[in-house]
Amino acid sequence: MKTLMNSRFYGTRKVPGDKSITHRSLMFASLAKGISHVKDPLLSADTYATKACMESLGVEIVAEPEGWKVDSPGRKHLQSPNAPL
């Protein structure tokens with residue numbers, strides 16, 4: 001194995017989306033008043049279900065090229081859902 005001493009490495013690494021982080025991001029963004037961006041969410045049946053739950057509370061979630069834009073009235077102004085979440 002070759003060891004490089006006193007060298008610098010540059011680069012960018014993109015990690016894959018994570019289901020737990022996607023769920024939490026949607027929920028926290030839904031509690032915050034205004035617009036939040038969830039970048040590179042993990043797209044799965046579970047995360048789409050969480051998205052649908054937040055939308056049923058009155059949160060607008062729109063797909064963007066880099067992820068989801070979450071526009072929320074804030075936790076004090078969430079609506080009661082018409083059906084069980």
Side-chain angles (χ1 to χ4, degrees):
M1 174 184 265
K2 185 176 180 181
T3 303
L4 300 174
M5 302 301 281
N6 298 321
S7 297
R8 293 185 181 182
F9 296 92
Y10 298 94
T12 303
R13 183 73 178 151
K14 183 177 176 182
V15 297
D18 179 86
K19 189 167 64 168
S20 296
I21 292 173
T22 301
H23 288 302
R24 287 173 178 86
S25 297
L26 284 174
M27 289 185 271
F28 286 134
S30 295
L31 293 173
K33 184 177 181 179
I35 295 175
S36 301
H37 296 273
V38 179
K39 288 190 170 189
D40 299 321
L42 179 75
L43 304 178
S44 70
D46 287 348
T47 57
Y48 279 114
T50 299
K51 177 181 177 285
C53 286
M54 297 301 103
E55 290 172 327
S56 70
L57 298 175
V59 178
E60 183 181 341
I61 303 173
V62 179
E64 294 184 325
E66 292 185 358
W68 288 333
K69 179 174 87 171
V70 181
D71 189 357
S72 176
R75 67 178 179 84
K76 293 183 179 180
H77 302 286
L78 294 176
Q79 306 169 7
S80 293
N82 294 328
L85 299 177

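Side chains of N82 and S56 form no contact here, defined as non-hydrogen atoms less than 4.5 Å apart. In this structure, the side chains of M54 and L57 come closer than 4.5 Å at one or more pairs of heavy atoms.
Side-chain N or O atoms of T47 include one that pairs as donor or acceptor with a backbone N or O of L42 at under 3.5 Å.
Residue D40 holds its CG atom at 12.0 Å from CG of D18, rounded to the nearest 0.5 Å. The NZ atom of K69 lies 5.0 Å from the CD1 atom of I35; values are rounded to the nearest 0.5 Å. Expressed to the nearest 0.5 Å, how far NZ of K76 lies from NZ of K33 amounts to 9.5 Å. In this structure, K51 NZ and D46 CG are separated by 14.5 Å, a value rounded to the nearest 0.5 Å.
Applying the ring pair (Phe, Tyr, Trp, His ring centres under 6.0 Å) rule to pairs touching residues 13-58 yields Y48-W68, sequence neighbours excluded.
Under the 4.5 Å side-chain heavy-atom criterion for Ile, Leu, Val, Met, Phe, Trp and Tyr, L85 and M27 are members of the same hydrophobic cluster.
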Exercise. Which is it for I61 and V70 under the side-chain contact (heavy atoms from CB on, under 4.5 Å) test, yes or no, and what are the steps along the way?
Worked result: CA-CA 5 Å; I61 303 173; V70 181; 4.3 Å; yes

For this session: Evaluate side-chain contact (heavy atoms from CB on, under 4.5 Å) for S72 paired with L78, printing each intermediate quantity in order.
Result: CA-CA 8 Å; S72 176; L78 294 176; 4.1 Å; yes

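The two residues G58 and P73 have their closest heavy-atom pair at O-CD, 3.8 Å.
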